[in-house]
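Everything numeric here is computed off the predicted structure, so don't read it as measured data. Count residues from 1 along the sequence.
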Amino acid sequence: MALVRQSAEDLLIEARAERLHLRLQEQARFALEHRVGLGEINSWKRSLLVFLTDLVDAGLGQVEVLLEHQLPHSPKRVDAILCGTHPRSDSGEPSYVLVELKQWSAAEVVAAEVVRVDHYADPVLHPAEQVRSYCEYLVDCTPALAESPHAVHGVAYLHNARTSGVATLNQYRPSDFGRLFTVDDKAELLDHLRSLLDVRGNRDAARNAADDFLRFQHRPTKPLLDLAAKEIREREQFVLLDEQRVAYQLVNQAVERARVARTQTVVVVLGGPGSGKSVIALSLLGSLARRGRTVHHATGSSAFTNTMRKIAGSRNSRVKNLFKYFNNYIAAEPRELDVLLCDEAHRIRETSVDRFTSKQKRERARPQVNELIDVAWVPVFLLDENQTVRPGEMGSLAEIGEAARSLGCQVEVVHLEGQFRCGGSAAFDEWVARLLGLDPRPAIRWSDLASRLDESFTVASAATPETLENWLLEQRHRYQGTARIAAGFCWQWSDPQQTANGKVLVPDVQIGDWKRPWNAKPQKRVPEAPESYYWASDERGFSQVGCIYTAQGFEYDWSGVIFGPDLVRRGGSWVPRREYSHDPAVKKADELHFGALIRNTYKVLLTRGMRGVCVYSTDPETQEFLESMAR
């Protein structure tokens, strides 16, 4: 989806009349449903006039231009995509050039692919690497382009910069997907574009190329778990974009700094559901392990850690040893590791001590965050501050930053933008936040967002749990993929029942005549049902209802979410009801925190699906509200 599409010649007329940036501003308000900042508007006004003038002067006025085009299944937007035909093709083969425009006049490389720019508070990705990764990402998830990747090219144009002002940026090795040009290189840039786009081509051919581009089908983002093993054992499988790549490079830079200067650095990566935190962690794990660095991946989730161990170690059991728990480091020596990757770090607890902890280890125990920081030269914390779902979970930027500074560590913070789960739908993330009152704006109907944003993500409601289950089966049959039902913790969770034929799960979740068991309890194996750790990844998990502790950290294509009576609508507001909760830990929370934990629980459950979600509530008033919002 592009905010504006037109020929370069026609767009230049609008830019010279000072209308183009206003048109983009209006389209952004309509399509993205938010106001763009003054900085972005000024960037459009200044950069596009220069670039479009250069295009027309080069004889490329007939090229079709897509401005601010959003990448598939991603919130990232490319400044411009030039669509035309290749000059060396007799059959009119299409040619596409992705362009990133920068107004910088000075910039300096501070780490591999990471750049410092004057007046920017945080480091950013090298612009040639930025456009290269956009090209790679686009080819990687577009079958038509994967068959002819030579049709895609990328350039970064620093139209205000002299080569002397960005000298270190030219150390970057150019490729078809990523080349850097400054104002001193303008003639070379235009020659390069003319070698990729036919100046003799007519407007109809360029329009056809753009039409084809916008009609391309896109596969879903690569499933995280299916590729974890290859990521660790063989080579990097994930394409990291923008802030993801910045986080990746800052960690690598910190590792080198620790090796040379013996300096300890804490890196905190903040992002919402599906923003790519676990992809960063797995990419780093694979890269560091292959380079011989001592590295562990740790979480506070049994389900996530055990699934990683199972899949990543499917051919080599030694790989399983890379995956640990937060409470594994009570007795660790300082700086035992080069890097500790703390995924799902919002689940850090006050202490690692539990009823199984030995007396000797208890005596050594400290705050868990201190243990995690001390064990590595570069502890990395990846977290979402809105996914805390149990009392005692305290992983936050403030807590981690305070602990790190008190221990004398440098702190680097990376904010991940956007939503990569849920089909790349930032709109759905917004819809969930507004639905649950986690956003100050009122709840909004999904159709009001989806119709304006051309969203492919599916939101539905079901009148009964039977209808919800049938909806999931239909999606799974029609579109393929994985599907699961999850629910609020509003029913007891029984141990397996012994029968004449062996142990079976008890159908604790009962709504009218509909009965289903919870997923199996940890360490409670039942024939014909996956262990609790693998409920989300084993196809047999569809037969059980998942709880928050089993679903958190995972994703599946189609999600069914049952709202229990612990969170209901009354008089236009949400009312949390402690008496209906069967979660022993959450029920102990005070009034202020109980409501927040319940809302966070449903936020997590709603954002597990990558392609669609169906909602149902056991409470009639709440069901009516959900039906109105899911339309």
Side-chain angles (χ1 to χ4, degrees), residues 8 11-12 15 21 39-40 42-61 63 65 67-68 76-82 87 95-136 152-197 199 240-243 245-246 248-250 252-253 256:
L11 289 173
L12 179 58
H21 67 286
E40 188 168 11
N42 287 334
S43 176
W44 290 332
K45 185 176 181 180
R46 296 165 184 161
S47 294
L48 291 175
L49 177 60
V50 172
F51 180 60
L52 292 167
T53 299
D54 290 343
L55 279 180
V56 173
D57 288 347
L60 293 169
V63 165
V65 184
L67 294 179
E68 296 296 323
K76 298 300 180 182
R77 287 179 278 134
V78 185
D79 288 342
I81 299 180
L82 311 182
S95 184
Y96 305 107
V97 183
L98 280 63
V99 182
E100 280 298 308
L101 301 169
K102 305 294 182 188
Q103 297 186 77
W104 310 344
S105 57
E108 182 181 5
V109 172
V110 294
E113 303 169 3
V114 177
V115 175
R116 281 276 184 202
V117 183
D118 290 345
H119 311 302
Y120 280 32
D122 299 316
V124 296
L125 192 63
H126 191 297
E129 176 60 21
Q130 181 183 11
V131 74
R132 187 205 66 76
S133 63
Y134 286 175
C135 290
E136 189 176 60
V152 179
H153 301 267
V155 299
Y157 185 22
L158 280 59
H159 56 83
N160 284 341
R162 295 289 179 184
T163 302
S164 58
V166 293
T168 58
L169 272 64
N170 284 320
Q171 299 168 5
Y172 183 89
R173 180 178 295 179
S175 69
D176 287 343
F177 282 176
R179 297 186 62 176
L180 180 71
F181 298 91
T182 66
V183 66
D184 291 336
D185 308 320
K186 183 166 76 170
E188 184 182 348
L189 167 65
L190 299 183
D191 284 343
H192 181 60
L193 293 178
R194 282 191 290 258
S195 74
L196 302 174
L197 298 159
V199 295
L240 302 181
L241 303 179
D242 290 9
E243 299 89 354
R245 176 65 76 173
V246 169
Y248 179 90
Q249 294 296 356
L250 286 178
N252 281 312
Q253 181 193 42
E256 290 306 307

TODO: Would you indicate whether the side-chain heavy atoms of Val99 and Val131 approach each other to under 4.5 Å?
DONE: no
Open item on the list: Within the 4.5 Å heavy-atom criterion, are Val115 and Tyr172 side-chain neighbours or not?
Closed with: no
Task: ring-ring contact (aromatic ring centres under 6.0 Å, His included) involving His21 - partner list, sequence neighbours excluded - done: none
Open item on the list: Is there a side-chain contact between Leu98 and Phe177 in this structure, where contact means two heavy atoms from C-beta onward sitting under 4.5 Å apart?
Closed with: no
Open item on the list: Using modelled atom types and a 3.5 Å cut-off, is there a donor and acceptor pairing between side-chain atoms of Asp185 and backbone atoms of Thr182?
Closed with: yes
Task: Polar side-chain atom of Gln253 near backbone of Val110 as donor-acceptor pair, under 3.5 Å - done: yes
Task: Steps toward salt bridge (charged side-chain N to carboxylate O under 4.0 Å, His left out) verdict (Arg179, Glu188) - done: CA-CA 11 Å; Arg179 297 186 62 176; Glu188 184 182 348; 3.4 Å; yes
Task: Main-chain N/O of Asp79 paired to Glu100 side chain as donor or acceptor, under 3.5 Å - done: yes
Task: Closest approach of Leu125 to Glu113 (non-hydrogen atoms, all atoms of both residues) - done: CD1-O, 3.3 Å
Task: 4.5 Å side-chain heavy-atom contact, Ser133 and Arg245 - done: no
Task: Val183: side chain to side chain contact (heavy atoms under 4.5 Å, CB included) partners, not counting sequence neighbours - done: Arg162
Under 3.5 Å, side-chain donor or acceptor atoms of residues 43-55 against the rest of the protein: list the pairs with distances, not counting sequence neighbours.
residue : atom : partner : partner atom : Å
Ser43   : OG   : Gln103  : NE2          : 3.4
Trp44   : NE1  : Glu68   : OE2          : 2.9
Ser47   : OG   : Ser43   : O            : 3.3
Ser47   : OG   : His159  : NE2          : 2.7
Thr53   : OG1  : Leu49   : O            : 2.6
Asp54   : OD2  : Tyr157  : OH           : 2.8

